[in-house]
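Below is one structure, written out as structure tokens, with a few remarks after it.
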Number of protein chains: 2
Amino acid sequence: MDDPASCETTDDYDVRQWDTREGCEVRQILDRVADKWSLLVIALLDCQSLRFSELRREIDGVSQRMLSVTLRHLERDGLVSRTVHPVVPPRVDYALTPLGRTLHETIKALVTWTEDHQREIAEARAAYDRGREMMDA
Amino acid sequence: MDDPASCETTDDYDVRQWDTREGCEVRQILDRVADKWSLLVIALLDCQSLRFSELRREIDGVSQRMLSVTLRHLERDGLVSRTVHPVVPPRVDYALTPLGRTLHETIKALVTWTEDHQREIAEARAAYDRGREMMDA
DNA sequence: CAGAATCCCGAGCGATACTG
DNA sequence: CAGTATCGCTCGGGATTCTG
């Protein structure tokens, strides 16, 4: 945790590369991961394939349009696969690709971190807000 | 990687809790992590404390306003500490808190994932776009 | 059922000007 | 130097409508 080695400047960890401009993939993936619905979709597809309508039912509050564009983005990035069954009525199944599955594993670490520290965060916010109230008074 | 155990429904990993509504911290932290500048700030403060003007100089393209609100958010969440030195001209140092440092460790995993897979993603996008072009023709 | 197209509003963010 | 305050614009995303 307090490993001093983590503070060394390593060649494979240049902060500048997180920049938005140029060919920075990190920013793009981060935007994808963090956009409003992608995370839910990825999590739901973790170990099952789902149809459009099933996803829509599971993800409370998502609009038809946003589910559509979210899936299109994830498909384009190779994170989700789209399978059309030529039947009537049309049936389309979505599933995580192997690549998408590895991303999900990584994301879980972040979710776990949040769960582990949400109490600390809540306390920090309360303390901060209390300080601000004092200022006003 | 293909560990079937990772597909089990565990009590501490309910996807529904990632929802925006209710007291969901994951969404809030994710929004913080993913917003346009927080990540850069956290990365730059990893092993050093920096002044406002230093951060501004390091982070190419950030406006004074956005650096300010970003730091205020990070401070409120207990991720960054703010130290005012009562001198003229005023001097304020920002540094990562222990909590912020653990978050940075977690974020690094995501950055590493992106670096490891950005070629696959690029290829997936190229393939997708090629498919779309065929449609139009 | 799955989704593309259109319209529209409000949050996010940049630019600018001002302050302790 | 280290901010805050105000204005204005862009664009993400919701509601609605239309198609294969």
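Residue numbering restarts at 1 for every chain, and letters A, B, ... go by the order of the sequence lines.
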Worksheet item: Looking at A:R27 and A:D31, does any basic side-chain N land under 4.0 Å from a carboxylate oxygen?
Response: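 So A:R27 pairs with A:D31 through a salt bridge.
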
Can you tell me how far the [atom1] atom of [X] sits from the [atom2] atom of [Y], to the nearest 0.5 Å?
X	Y	atom1	atom2	answer
A:D46	A:R101	CG	CZ	8.0 Å
A:W113	A:I121	CH2	CD1	4.0 Å
A:Q118	B:D77	CD	CG	12.5 Å

Discussion item. Among B:R91, B:R57, B:Q64, exactly one meets side-chain contact (heavy atoms from CB on, under 4.5 Å) together with B:F52. Which residue is that?
Written reply: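 Of the listed options, the one satisfying the test is B:Q64.
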
Worksheet entry | Chi angles and distances behind the side chain to side chain contact (heavy atoms under 4.5 Å, CB included) call for A:T97, A:V80 | CA-CA 5 Å; A:T97 63; A:V80 159; 5.6 Å; no

Check the distance between [N]'s [atom2] and [X]'s [atom1] and give it to me in whole angstrom.
X	N	atom1	atom2	result
B:Q64	C:dC18	CD	C1'	11 Å
A:D93	C:dC1	CG	C1'	12 Å
B:D60	C:dG14	CG	P	12 Å

Discussion item. Taking salt bridge (charged side-chain N to carboxylate O under 4.0 Å, His left out) as the definition, give me every residue that meets it alongside B:R56, ordered by chain and number, with sequence neighbours left out.
Written reply: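 Counting only residues at least two positions away or on another chain, B:R56 forms no salt bridge (charged side-chain N to carboxylate O under 4.0 Å, His left out).
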
Practice prompt. Output all residues satisfying salt bridge (charged side-chain N to carboxylate O under 4.0 Å, His left out) with A:D116, sequence neighbours left out; order by chain, then residue number.
Written response: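 None.
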
Item to complete: Go through DNA chain D in 5' to 3' direction and return only the first and the last nucleotide with some atom under 4.0 Å of chain B's heavy atoms.
Response: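 With heavy atoms of chain B under 4.0 Å away, the range is D:dC1 to D:dT6.
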
Worksheet item: Are any of A:Y94's side-chain N or O atoms less than 4.0 Å away from OP1 or OP2 of C:dC1?
Response: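 So the side-chain polar atoms of A:Y94 never come under 4.0 Å of the phosphate oxygens OP1 or OP2 of C:dC1.
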
Practice prompt. Strictly below 4.0 Å, heavy-atom distances to any atom of DNA chain D: list the hits from residues 68-84 of chain B, or just say none.
Written response: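 Those residues are B:S68, B:R72, B:R82.
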
Worksheet entry | Test side-chain hydrogen bond (donor to acceptor under 3.5 Å, both in side chains) applied to A:D93 and A:R51, A:Q48, A:R82, A:H85, the passing residue |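 With A:D93 as partner, A:R51, A:Q48, A:R82, A:H85 yield a single side-chain hydrogen bond (donor to acceptor under 3.5 Å, both in side chains), made by A:H85.
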
Worksheet item: What's the verdict on side chain to side chain contact (heavy atoms under 4.5 Å, CB included) for A:T114 and B:L30, showing C-alpha distance, side-chain angles and the deciding distance?
Response: CA-CA 9 Å; A:T114 305; B:L30 205 59; over 6 Å; no

Practice prompt. Verify, without hydrogens or angle tests, whether A:T102 (side chain) and A:L99 (backbone) share a donor-acceptor contact under 3.5 angstrom.
Written response: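 Present.
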
Write down the protein N/O and nucleotide N/O pairs, taken from nucleotides 8-13 of chain C, whose separation is under 3.5 Å; answer none if there are no such pairs.
none

Worksheet item: Between the two ends of the helix from C:dC1-D:dG20 to C:dG20-D:dC1, what is the bend in degrees, rounded to 10 degrees, where each end axis spans five pairs?
Response: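 That helix gives 40° between its end axes.
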
Fill in: A:T70 vs A:W37 side-chain heavy atoms within contact, under 4.5 Å
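Side chain of A:T70 against side chain of A:W37, heavy atoms only: contact under 4.5 Å found.
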
